[in-house]
Amino acid sequence: MPELPEVETSRRGIAPHLTGQTIRQLIVRNAQLRWPIPDDLAAKVNGQEITQITRRAKYLLLALKQGAIMVHLGMSGRVRVVNAELPAEKHDHVDLVLASGQCLRFTDPRRFGSWLWHPSPRSEQLLSHLGPEPLTDEFNFDYLYPLCRNRKAAIKQVIMDNQVVVGVGNIYATEALFASGIRPTRSAQKVTQQQLKQLIQHIKRILAAAIEQGGTTLKDFTRSDGKPGYFKQALQVYGRAGEACDSCGSTIKTTRQGQRASAYCPSCQK
DNA sequence: AAAGACACCTGGGAGC
DNA sequence: TGCTCCCAGGTGTCTT
């Protein structure tokens with residue numbers, strides 16, 4: 001997906017256009033996303049004012065006077081604010097039409113995203129088990145160390161576990177581990193305390209830098225204004241298997257963890 | 001209880 | 001040109 005920086009960039013991009021606006025209509029062209037869009041979602045949101053746009057993990061929450069719309073971008077989702085008259089294209093599944101004449105347009109080729117009503121049993125279920133936000137003080141050594149201390153799983157799997165910390169996807173987990181000199185396959189319990197402290201700092205630093213630069217542009221992601229993010233050029237190992245490590249010149253290798261590619265420098269990461 | 005496999009879905013690129 | 005195969009930012013759920 002869009003990882004956390006992309007979601008946050010989207011939130012910041014759309015918020016000024018949505019906040020304070022009244023919803024005129026919800027157009028659902030294809031309700032078959034990860035979960036079907038609820039049939040009664042349009043009835044619930046129609047005529048309501050959007051009070052604020054917030055984010056929890058990778059969920060965008062469009063808060064209304066009553067309740068909220070909970071949007072997830074999945075792997076290939078994207079939201080943009082466009083003129084409501086702009087013709088919809090193939091993967092433009094949802095439009096949230098505003099009184100301003102603009103609409104929030106949701107595009108998602110793979111349809112792993114979701115639009116749900118919140119609160120609902122499903123939304124509560126999805127949010128209830130989530131760990132802390134990585135950019136808050138709550139995500140610190142005293143929190144993470146006890147979770148790693150007796151855990152045999154690979155450190156990469158642990159930091160990508162939403163119950164441990166949210167918003168660290170494959171790209172940023174890969175990059176933070178490189179920056180910390182930790183092999184992604186290393187058992188969490190064998191990461192030293194010093195390395196764990198560094199890892200936490202690098203996760204925060206890299207996520208913050210990516211947000212600052214508007215997210216990482218890969219295949220599908222563009223910012224809500226349609227401009228690409230600029231972080232991709234800063235990637236040190238992700239997507240660079242076979243190339244030379246910028247730091248030591250060794251060839252970057254790739255392995256698979258949890259059916260997901262994991263790039264690392266065999267020399268810099270032990 | 002924890003780790004791994006599989007599921008959802010489309011598009012792009014590599015190789016033949 | 002076109003076919004087949006593999007891969008991709010996520011994450012809930014089912015199997016070991």
Side-chain angles (χ1 to χ4, degrees), chain A residues 1-10 29-37 55-60 70-79 89-94 106-116 120-131 134 147-176 184-189 203 206-207 210-211 213-223 228-232 234-235 237-242 254-263:
Chain A
M1 131 180 230
E3 294 203 27
L4 186 140
E6 288 71 24
V7 180
E8 179 60 22
T9 298
S10 298
R29 299 188 190 81
N30 188 345
Q32 300 308 306
L33 303 183
R34 173 147 201 201
W35 296 287
I37 298 176
R55 179 187 59 73
R56 173 72 175 109
K58 294 171 187 167
Y59 292 97
L60 285 171
M70 191 166 104
V71 177
H72 197 290
L73 303 179
M75 287 277 256
S76 59
R78 149 169 99 105
V79 284
E89 298 189 17
K90 187 175 179 183
H91 300 294
D92 295 343
H93 306 310
V94 183
F106 175 76
T107 308
D108 186 7
R110 293 176 73 179
R111 288 189 279 122
F112 288 167
S114 59
W115 278 61
L116 297 171
S120 66
R122 171 63 83 181
S123 73
E124 302 283 10
Q125 179 198 341
L126 293 172
L127 297 179
S128 64
H129 70 280
L130 296 175
L147 294 179
C148 291
R149 185 172 192 157
N150 296 309
R151 197 139 164 187
K152 290 180 181 170
I155 184 65
K156 182 168 180 236
Q157 308 295 70
V158 173
I159 61 174
M160 289 180 69
D161 181 345
N162 279 336
Q163 298 194 46
V164 173
V165 60
V166 301
V168 183
N170 200 28
I171 297 176
Y172 299 104
T174 297
E175 291 298 310
T185 49
R186 171 98 67 90
S187 171
Q189 62 188 180
I203 287 171
I206 291 171
L207 287 175
I211 290 169
Q213 294 169 59
T216 304
T217 296
L218 294 175
K219 288 191 182 71
D220 304 319
F221 181 76
T222 50
R223 300 191 305 183
Y230 295 97
F231 196 69
K232 188 177 181 190
L235 298 179
V237 282
Y238 180 88
R240 295 195 54 214
T254 185
T255 181
R256 285 192 87 74
Q257 289 180 277
Q259 355 274 107
R260 196 125 277 167
S262 213

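Proteins get letters first, then strands, A, B, ... in listed order; numbering begins at 1 in each. FYI, side chains are in, hydrogens and waters are out, and symmetry mates aren't considered; it's all heavy atoms of this structure.
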| Which is true for A:D108 with a 4.0 Å heavy-atom rule: it touches a base, it touches only sugar-phosphate, or it touches nothing? | nothing
| note | dist A:K156:NZ -> A:R186:CZ (nearest 0.5 Å) comes out at 15.5 Å
| request: Nearest whole angstrom, please: distance from the C1' of B:dA3 to the CE of A:M160. | output: 15 Å
| query | Can you find a side chain N or O atom of A:H91 that sits less than 4.0 Å from OP1 or OP2 on B:dG11? | reply | yes
| said: Taking 4.0 Å as the cut-off, does a side-chain nitrogen or oxygen of A:K58 come that near to OP1 or OP2 on C:dT11? | reply: yes
| What is the distance from CD of A:Q257 to P of B:dC6, rounded to the nearest Å? | 17 Å
| task | Tell me the stems DNA chain B sits in, counting at least three consecutive Watson-Crick or G-U wobble pairs, each under 3.5 Å on both distances. | result | B:2-8 with C:10-16, B:10-16 with C:2-8
| field | Per A:Q259 side chain, nearest of listed nucleotides B:dA5, C:dG12, C:dA8 | value | B:dA5
| message | Looking at A:E175 and A:V237, would you say the former's side chain and the latter's main chain have a donor-acceptor pair under 3.5 Å? | response | yes
| field | Pi stacking test for A:F112 and B:dC9: under 5.5 Å apart, planes under 30° | value | no
| query | Base, sugar-phosphate alone, or nothing: which one does A:Q32 contact when heavy atoms must sit under 4.0 Å apart? | reply | nothing
| message | Between A:K90 and B:dT10, is there a contact of a side-chain N or O with OP1 or OP2 at under 4.0 Å? | response | no
| said: Using OP1 and OP2 only, check whether a side-chain N or O of A:R110 sits under 4.0 Å from C:dG10. | reply: no
| query | Is the backbone N or O of A:R110 less than 3.5 Å from a side-chain atom of A:S76, with the two atoms forming a donor-acceptor pair by type? | reply | yes
| said: Tell me whether the side-chain N/O atoms of A:Q189 come closer than 4.0 Å to OP1 or OP2 in B:dA2. | reply: no
| message | Taking the nucleotide of DNA chain B with the nearest heavy atom to each, does A:R34 or A:R151 sit closer to the 5' end? | response | A:R151
| Value rounded to 0.5 Å, distance of OG in A:S123 from CH2 in A:W35 | 10.5 Å
| request: Determine: side-chain N/O of A:R111 to OP1/OP2 of B:dT10, distance under 4.0 Å, yes or no. | output: yes
| task | Rounded to the nearest angstrom, tell me the gap between atom CG in A:L73 and atom P in C:dG10. | result | 11 Å
| said: Is there a side-chain contact between A:H72 and the phosphate of C:dT11, meaning an N or O under 4.0 Å from OP1 or OP2? | reply: yes
| Whole-Å gap separating C1' (C:dG12) and CZ (A:R122) | 8 Å
| For A:H129 and C:dT11, is the shortest distance between a side-chain N/O and OP1 or OP2 below 4.0 Å? | no
| said: Output the rounded distance in Å from CD (A:E124) to C1' (C:dG12). | reply: 17 Å
| message | Please pick, from B:dA3, C:dT11, C:dG12, the nucleotide with the shortest atom-to-atom distance to any side-chain atom of A:L126. | response | C:dG12
| query | For C:dA8, does OP1 or OP2 lie under 4.0 Å from any side-chain N or O of A:R256? | reply | yes
| task | Please check if the side chain of A:E3 supplies one atom and the backbone of A:N170 the other of a donor-acceptor pair under 3.5 Å. | result | yes
| said: Whether the side chain of A:R151 engages the backbone of A:V158 through a donor-acceptor N/O pair (distance < 3.5 Å, no angle test) should be reported. | reply: no
| Looking at the side chain of A:M75, which of C:dG12, B:dA3, C:dG10 is the nearest nucleotide? | C:dG10
| request: Check whether any side-chain N or O of A:E124 sits under 3.5 Å from a backbone N or O of A:P121 as a donor-acceptor pair, and report yes or no. | output: no
| request: To the nearest Å, give me how far apart CG (A:L33) and C1' (C:dG12) are. | output: 15 Å
| field | Backbone N/O of A:D108 and side chain of A:H93: donor-acceptor pair under 3.5 Å | value | yes
